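Everything below concerns the one structure shown next.
Note that the structure is a prediction, hence the values are computed from the model and not measured.
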Amino acid sequence: MHPTIGYETLKHISDFKRNGVLDMVLYHHERYDGNGYPHGLKKEEIPLAARILAVADSFDTMTTKRVYKPIMDLNYTMGEIEKNIGSQFDPQTAKAFLAILERERMGIFEKKQPSFSNKFII
């Protein structure tokens with residue numbers, strides 16, 4: 001439900017209507033093969049910005065420590081994206097993302113880590 005809730009929360013912001021943010025929020029869980037949600041869009045029916053975000057969001061989910069799962073290594077993550085080209089991910093978008101990852105490799109992870117403490121300052 002979070003794509004729809006996010007969309008409903010942000011839809012009144014006129015800049016988000018013009019710049020594609022609403023499309024990204026609402027459609028980033030649509031799958032290239034049409035098996036996603038909330039509307040079951042497929043291929044180019046899914047706005048390009050949402051297809052890009054789908055790959056980036058999946059990468060972030062796999063490479064960020066979560067309460068319910070450990071961080072997955074870069075090779076595994078790249079393999080998962082590659083494996084899901086044409087089903088979950090737009091082929092052109094996913095291949096471009098993988099090319100950037102291949103070029104940047106571990107530098108991506110160095111940039112990804114926050115440089116601040118997670119402790120609250122009182």
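- With Asn19 contributing its side chain and Asp15 its backbone, the two residues share a donor-acceptor pair below 3.5 Å.
- Judged by distance alone, with hydrogens and angles left aside, the side-chain atoms of Lys69 form a donor-acceptor pair with the main-chain N or O of Thr64 at under 3.5 Å.
- Here the options are Leu53, Val55, Leu48, the test is side chain to side chain contact (heavy atoms under 4.5 Å, CB included), and the partner is Arg51; only Leu48 passes.
- Crowding of Gln92 atom CD: a count of heavy atoms from other residues, nucleotides or ligands under 6.0 Å not exceeding 12.
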Without placing hydrogens or testing angles, list every side-chain donor-acceptor pair under 3.5 Å for residues 31-41, not counting sequence neighbours.
| from | atom 1 | to | atom 2 | distance (Å) |
| --- | --- | --- | --- | --- |
| Arg31 | NE | Asp33 | OD1 | 3.2 |
| Arg31 | NH2 | Asp33 | OD2 | 3.0 |
| Tyr32 | OH | Glu44 | OE2 | 3.4 |
| Asp33 | OD1 | Asn35 | N | 3.0 |
| Asp33 | OD1 | Asn35 | ND2 | 3.4 |
| Asp33 | OD2 | Asn35 | ND2 | 3.3 |

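- In terms of heavy atoms, Leu74 sits closest to Leu101 at CD1-CD2, 4.3 Å.
- The nearest pair of heavy atoms linking Lys11 to Glu8 is NZ-OE1, 2.7 Å.
- Applying the ring pair (Phe, Tyr, Trp, His ring centres under 6.0 Å) test to pairs two or more places apart or on separate chains, those with a residue in residues 78-99 are Phe59-Phe97.
- Atom NZ in Lys83 sits 5.5 Å away from atom OH in Tyr76 (nearest 0.5 Å).
- Ion pairing of Asp60 with Arg66 is present here, as a side-chain N (NZ or NE/NH1/NH2) and a carboxylate O approach within less than 4.0 Å.
- Atom CD of Glu30 sits about 12.0 Å away from atom NZ of Lys42, to the nearest 0.5 Å.
- Note that the CD1 atom of Ile5 and the CG atom of Leu10 stand 11.5 Å from one another [nearest 0.5 Å].
- Proximity of Leu22 to Ile13: side-chain heavy atoms (C-beta onward) are nowhere separated by under 4.5 Å.
- In this structure, the side chains of Thr77 and Glu80 stay at 4.5 Å or more apart for every pair of heavy atoms.
- With rounding to the nearest 0.5 Å, the separation of NE2 in His2 from CG in Leu26 is 10.5 Å.
- Annotation: salt bridge (charged side-chain N to carboxylate O under 4.0 Å, His left out) contacts of Glu45 (sequence neighbours excluded): none.
- Closest of all the heavy-atom pairs between Gly6 and Val25 is C-CG1, 3.6 Å.
- In this structure, Tyr7 is not a member of the same hydrophobic cluster as Met24, with clusters built from ILVMFWY side-chain heavy atoms closer than 4.5 Å.
- Side chains of Ile46 and Asp90 form no contact here, defined as non-hydrogen atoms less than 4.5 Å apart.
- Rounded to the nearest 0.5 angstrom, Met78 CE and Met72 CE are separated by 15.5 Å.
- Residues Gln88 and Ser58 approach most closely at NE2-OG, 3.5 Å, considering heavy atoms.
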